[in-house]
Amino acid sequence: MKKDLSPEFLKGKRVAIVCDWLTNVGGAEKVLLEIHKLFPKAPIYTSKYDPKGIDWFSDAEVRTGWLQIFPTCLRRFLGPLRQIWFSRLDLSGYDLVISVTGAEAKAVHRLAPGGVHVSYCHVPTQYYWQMYDDYVQNPGFGILSPIVRFCFKTLVRPLRSADFKAAQRVDQFVTISDYAKDLIAKYYKREAEIVHPVVEVEDFLPCGKPVENFYVVSSRQVTWKRLDLAVAVCLKLKRELVVIGEGPEHKNLVKLVEDYRDPRAAEMIKLVPLLKKQELADYLARAKGYLFPSLEPFGIAPVEALAAGCPVIAFGEGGAKDYVKDGKNGVLFRKQTVKSLAEAILGFEEMKLSRKKVSESAQGFSRERFDAELFEVVRGALEQKNEK
């Protein structure tokens, strides 16, 4: 029998969880997993479920609808259909709905009378708002990109309107960082409470081994993660870099190394596939530093690095500012350019940071902290609804 960990004020409340899709492993899915652990009896409603892509929810009741018939590879085409499906989803049997979303799942609104919708929103839907220009410039559909670009430009205004209206129906927004909170205020005109995601810091601790002369980055290999920047800088500075992960950008990273005019390039840049948690923790504990060149609303991987005692060199315009403290547990660089990152690395190498203090700086992202803060936000949303 699944144990319900919810506090007394939620006893008797009918709870449902909603997410955009469940097709692969990522930071959003880690948040969803933690919320599922808090409400193990709550069904999870989602537009698309692929248990082969993510096997974390085999004990959950995952419910899908007609969007399940579409192949996973078409997910990026289906934004308008997801808006329709979530907005029409009948959740009238639930008193509390928690959506975990960075896209259209926030559109749910057909709850029980007096029901409350708390949306753990990572960021406003990026391809409608803050990353619209990047998406139009590079839709990522190969020879179909010109067609996709034209259709998206034509549809974006009504899609933005629908997304904005959906955000106004949410009772309480929760988000992952100050950066994400500002985006929600900017695009949705809504206030959000910050509850930083869970990071399994207890699994990433200093191992006591000597620090070695290499940097590391671990990430899904997609263009916007800017792993190319990390590789290019390390090639320029003749620094060793271990790139951990897989994804559609992998071939381009390999080509970047192969095309570099230095026979030692392959020795400097080591590309390894996804690792088990223990293996990743070992790399992080031995690495000189962790490179985090992407603009992200939070970033669980660099917090794992900090927990392992590994200082982080991060792009300073996103969620990294919530946990990377310049000169104390890492360095923030100001522009996503080779010059800016190179200067940050050279400056970092002049510092003498305590690996013990670096590790201690990550200990505030525990599971217990997340659970307590989320329950407090839910309590406040329910009380506010009852007062109306």
Side-chain angles (χ1 to χ4, degrees), residues 26-27 102 122-124 126 129-131 133-134 175-187 192 194-197 199 201 204 215-237 239 241 243-245 284 287-355 357-365:
H122 304 287
V123 282
Q126 296 193 85
W129 304 103
Q130 65 270 25
M131 293 187 70
D133 291 337
D134 294 334
T175 196
I176 57 181
S177 65
D178 282 311
Y179 172 76
K181 179 178 179 176
D182 290 344
L183 290 177
I184 290 170
K186 178 179 180 179
Y187 294 114
I194 297 175
V195 177
H196 291 121
V199 182
V201 292
F204 295 87
Y215 291 94
V216 67
V217 59
S218 57
S219 171
R220 176 166 165 75
Q221 294 172 359
V222 292
T223 54
W224 63 273
K225 295 282 190 179
R226 294 307 314 271
L227 301 180
D228 61 309
L229 181 59
V231 170
V233 169
C234 287
L235 287 171
K236 178 182 179 180
L237 296 179
R239 300 298 193 271
L241 175 67
V243 182
I244 301 170
L284 295 174
K288 177 188 293 187
Y290 183 94
L291 304 186
F292 188 53
S294 61
L295 172 59
E296 296 197 36
F298 186 71
I300 289 176
V303 180
E304 293 173 344
L306 292 176
C310 181
V312 174
I313 302 170
F315 180 48
E317 294 299 327
K321 290 190 293 184
D322 282 22
Y323 49 83
V324 177
K325 306 305 176 185
D326 226 334
K328 295 182 179 180
N329 62 359
V331 175
L332 295 171
F333 63 97
R334 305 305 170 188
K335 296 181 180 179
Q336 285 179 307
T337 63
V338 169
K339 182 175 183 292
S340 185
L341 177 53
E343 289 174 351
I345 290 175
L346 293 175
F348 163 73
E349 291 177 348
E350 296 296 318
M351 299 176 181
K352 293 183 179 180
L353 302 181
S354 164
R355 305 280 288 199
K357 290 183 178 179
V358 169
S359 179
E360 290 172 351
S361 72
Q363 299 310 306
F365 296 93

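Start at 1 with the first residue, then count along the sequence.
Rounding to the nearest 0.5 Å places SG of Cys234 at 5.0 Å from CD1 of Ile345.
Inter-residue side-chain proximity for Lys328 and Leu353 is flagged as unmet; no heavy-atom pair is nearer than 4.5 Å. At least one side-chain heavy atom of Arg226 sits less than 4.5 Å from a side-chain heavy atom of Asp228. When side chains are defined from C-beta on, Cys310 does not count as touching Phe204, because their heavy atoms never get closer than 4.5 Å. Using a 4.5 Å cut-off on side-chain heavy atoms (C-beta onward), Val201 and Glu304 make no contact. Looking only at side-chain heavy atoms (C-beta outward), Ile313 and Phe292 stay at 4.5 Å or farther from each other. The closest side-chain heavy-atom distance from Ile194 to His196 is below 4.5 Å. With a 4.5 Å cut-off on side-chain heavy atoms, Lys357 and Asn329 do not count as touching. Using a 4.5 Å heavy-atom threshold, the side chains of Val195 and Ile176 count as separate.
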**Message:** Go through it in stages, so that I can follow the logic: the residues are Phe348 and Phe333, the test is side-chain contact (heavy atoms from CB on, under 4.5 Å), and I'd like the CA-CA distance, side-chain angles, deciding distance and then a yes or no.
**Reply:** CA-CA 11 Å; Phe348 163 73; Phe333 63 97; over 6 Å; no

**Val217 vs Ile244, side-chain contact (heavy atoms from CB on, under 4.5 Å): CA-CA, chis, key distance, verdict** = CA-CA 6 Å; Val217 59; Ile244 301 170; over 6 Å; no

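In terms of heavy-atom proximity, Ala192 sits nearest to Ile184 at CB-CD1, 4.1 Å. Pairing each heavy atom of Val338 with each of Ala232, the nearest pair is CG2-CB, 4.2 Å. Closest approach of Ala180 to Val123, counting heavy atoms only: CB-CG1, 4.2 Å. The two residues Gln221 and Leu227 make their nearest non-hydrogen contact at CG-CD1, 3.4 Å. Here the shortest heavy-atom pairing between Leu306 and Val312 reads CD2-CG2, 3.6 Å. The heavy-atom pair separating Thr175 from His122 by the smallest distance is OG1-O, 3.4 Å.
Ion pairing between a basic and an acidic side chain is recognised when a charged N comes within 4.0 Å of a carboxylate O; Glu349 and Arg239 show such pairing.
Side chain of Ser361 to backbone of Val358: a donor-acceptor contact under 3.5 angstrom is found. Although no hydrogens or angles enter the test, the distance criterion places a donor-acceptor pair under 3.5 Å between the side chain of Lys325 and the main chain of Lys321. At least one donor-acceptor pair under 3.5 Å links the side chain of Ser359 to the backbone N or O of Ala307.
Side chains of Ser177 and Tyr323: no donor on one and acceptor on the other come within 3.5 Å.
Note on ring orientation: taking the six-membered ring where Trp is involved, the planes of Trp129 and Tyr187 are tilted (angle from 30° to 60°).
Each of Val233, Val231, Leu235 was scored for a side-chain contact (heavy atoms from CB on, under 4.5 Å) with Leu241, with one residue passing: Val231.
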Which atom pairs, donor and acceptor, lie under 3.5 Å between side-chain atoms of residues 293-303 and protein residues at least two apart or in another chain?
| from | atom 1 | to | atom 2 | distance (Å) |
| --- | --- | --- | --- | --- |
| Ser294 | OG | Glu296 | OE2 | 2.7 |
| Glu296 | OE1 | Lys225 | NZ | 3.4 |
| Glu296 | OE2 | Lys225 | NZ | 2.9 |

